[in-house]
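Below is one structure, written out as structure tokens; the observations come after it.
Counting begins at 1 with the first residue of the sequence.
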Amino acid sequence: MPVEFLGIAATGDGSETTPRSTAAFDRDYTLRLARAHEDHGWDRVLFAYGAGSPEPAAAAAFLASHLDRLQILLAHRPNVSYPTFAAKTFATLDQISDGRLTVHFITGGSDHEQQREGDFLSKDERYERTREYIGIVKKAWTSREPFDHEGAHYRFNDFVSDVFPVQQPRPGVSFGGSSDAAYAAGGAEADVYCLWGEPLARTAEQIERVKEAARAAGRTDVPRIQVAFRPIIAPTEELAWEKAHRTVAAIKARRESGELVRRGRPLGAAAPENTGSQRLIEIAEAGERYDRALWTPTAAATGGAGNSNALVGTPETVAEALLDYYDLGVDILSARGYHLLDDAIDFGRHVIPIVREEVAKRDAAKTAAAERTERDRHQLIAVQA
């Protein structure tokens, strides 16, 4: 199966290790970073969402109007707009980008962050709302006739949109989470299910949970799987590990100085509420290194904040580690370094080509094996006849 690479479409140059030197939305930097991804083999970039951050759909429209190939993954929280309005926004953006949009629906793992924009539902209620929301958006994308809706969270009559996506029947839907409620909602609705980087065995368990949820929802297909990492690469293993330890030291220094703020609070100020971050902390407490190159101190230093487990090593080592996940059934690999621009270029130059070449070899071997099996079957039938 083909493999895809997802990077980050940041609108400013800050990270956990480096204070931002740009404005929150810097047109030149946003375009420069996106072009670095497009020019170095990446398939798509994520416009993330934060309560106080620049509005991602507008930033994505800016990017789509300047670049021709790079695809867009747009993060969206259902609490910030009515689903019919959101459906029109997404359809318009798909028109602007000529069919390059996928929407990542975020239920929200932090009560504090949700409440910053007026959302006071419980976590379980948020998941119920997200599932209802996605269903409405899908119908608005595809229905040419007016329809009514009366659900637990939304009610309207006689809606029909006048703008439809380029992609038919609709853009892709992306979803993430590691709780039972997340598996149920994403298994039912998602085209892509997103996971944070965990050890291979635990990732395999999560993939099976997603498949089980899809089957329980009555689906005959299953979502594609995406896994996210923070790669730390260098020309030699020794240099890569030195870089890794410098990275963690920088994160800790910024956190201890109070500079590092996430979702309006100092990073690590409170225990995470979401299951995904709790899992990352649990994994970090159990050990620093897993499998070929997975390293957890970056996650521990941030309190399990989002995509935070690293892959450390030479480009060849990191590529082989990514291929281990590909062999589990992961076909979208998300990566974001700590120096956004330079790391996007280095990863694109030195890691992506290795992974693509090895995936092509694996796929060719599978095709050849399938052809041999089919040929042997026909020969056996001929002999028996």
Side-chain angles (χ1 to χ4, degrees), residues 6-40 42 44-63 66-67 70 72-77 80 104 106 109-110 112-113 116-117 196 228-233 243-270 272 277 297-310 334-348:
L6 170 70
I8 190 70
T11 60
D13 65 353
S15 76
E16 295 93 331
T17 61
T18 309
R20 191 178 71 208
S21 67
T22 63
F25 178 69
D26 185 297
R27 288 165 52 98
D28 292 340
Y29 184 83
T30 300
L31 190 55
R32 186 180 176 197
L33 179 62
R35 280 183 172 147
H37 283 87
E38 185 170 80
D39 292 344
H40 291 89
W42 298 78
R44 69 184 71 223
V45 288
L46 166 67
F47 280 89
Y49 191 95
S53 301
E55 203 287 304
F62 165 73
L63 186 68
H66 285 78
L67 299 179
L70 197 65
I72 294 163
L73 179 60
L74 177 69
H76 179 76
R77 289 183 185 162
V80 299
H104 180 67
I106 301 175
S110 163
H112 172 260
E113 171 71 0
R116 294 177 76 197
E117 293 189 287
W196 290 330
F229 303 96
R230 306 299 294 270
I232 300 174
I233 62 172
K243 183 178 178 181
H245 288 291
R246 288 197 307 272
T247 298
V248 168
I251 294 171
K252 289 180 177 178
R254 294 198 68 213
R255 186 190 65 193
E256 291 166 3
S257 70
E259 293 179 25
L260 206 52
V261 176
R262 180 178 174 84
R263 295 174 176 167
R265 291 182 175 180
L267 201 65
S277 291
T298 46
T302 61
N307 171 22
S308 50
N309 269 339
S334 174
R336 172 165 56 99
Y338 290 95
H339 190 291
L340 302 181
L341 182 61
D342 290 350
D343 287 346
I345 293 170
D346 287 346
F347 189 89

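Annotation: the span from L341 atom CG to S15 atom OG amounts to 12.0 Å, rounded to 0.5 Å. Taken from CD1 in I232 to NE2 in H339, the straight-line distance is 14.0 Å, to the nearest 0.5 Å. Atom CZ of F347 and atom CG of D342 lie 15.0 Å apart (nearest 0.5 Å). Atom CG in L67 sits 8.5 Å away from atom CZ in F62 (nearest 0.5 Å). Here the CZ-CZ distance, from F229 to R336, works out to 13.5 Å after rounding to the nearest 0.5 Å.
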Would you list the atom pairs, donor with acceptor, under 3.5 Å between side chains in residues 28-38 and any protein atom, with sequence neighbours excluded?
residue	atom	partner	partner atom	Å
T30	OG1	D26	O	2.8
H37	ND1	L33	O	2.9
E38	OE2	R69	N	2.9
E38	OE2	L70	N	2.7

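A donor-acceptor pair under 3.5 Å is formed between the side chain of D13 and the backbone N or O of S21. Judged by distance alone, the side chain of K243 and the main-chain N or O of I233 form a donor-acceptor pair under 3.5 Å. Side-chain atoms of E113 never come within 3.5 Å of backbone atoms of G50 as a donor-acceptor pair (strictly under, hydrogens ignored).
Under the side chain to side chain donor-acceptor pair (under 3.5 Å) criterion, R230 pairs with E16, not counting sequence neighbours. With sequence neighbours excluded, the residues forming a side chain to side chain contact (heavy atoms under 4.5 Å, CB included) with A60 are F47, I72, L74, L93, listed by chain and number. For the side chain to side chain contact (heavy atoms under 4.5 Å, CB included) test, residues two or more places apart in sequence or in another chain that qualify with A24 are R20, P54. With sequence neighbours excluded, the residues forming a side chain to side chain contact (heavy atoms under 4.5 Å, CB included) with E259 are P19, R254, S257, listed by chain and number. By the ring pair (Phe, Tyr, Trp, His ring centres under 6.0 Å) test, H245 pairs with W295, sequence neighbours left out. With sequence neighbours left out, the side chain to side chain donor-acceptor pair (under 3.5 Å) criterion links E256 to no other residue. Residues satisfying the side chain to side chain donor-acceptor pair (under 3.5 Å) test with S53, not counting sequence neighbours, are none. For H40, the ring pair (Phe, Tyr, Trp, His ring centres under 6.0 Å) criterion is met by no residue, not counting sequence neighbours. Taking A228 as the reference, W196, N307, S334 meet the side chain to side chain contact (heavy atoms under 4.5 Å, CB included) condition, with sequence neighbours excluded.
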For L73 and V45, run side chain to side chain contact (heavy atoms under 4.5 Å, CB included): C-alpha distance rounded to whole Å, both residues' side-chain angles, the deciding distance at 0.1 Å, then the answer.
CA-CA 6 Å; L73 179 60; V45 288; over 6 Å; no
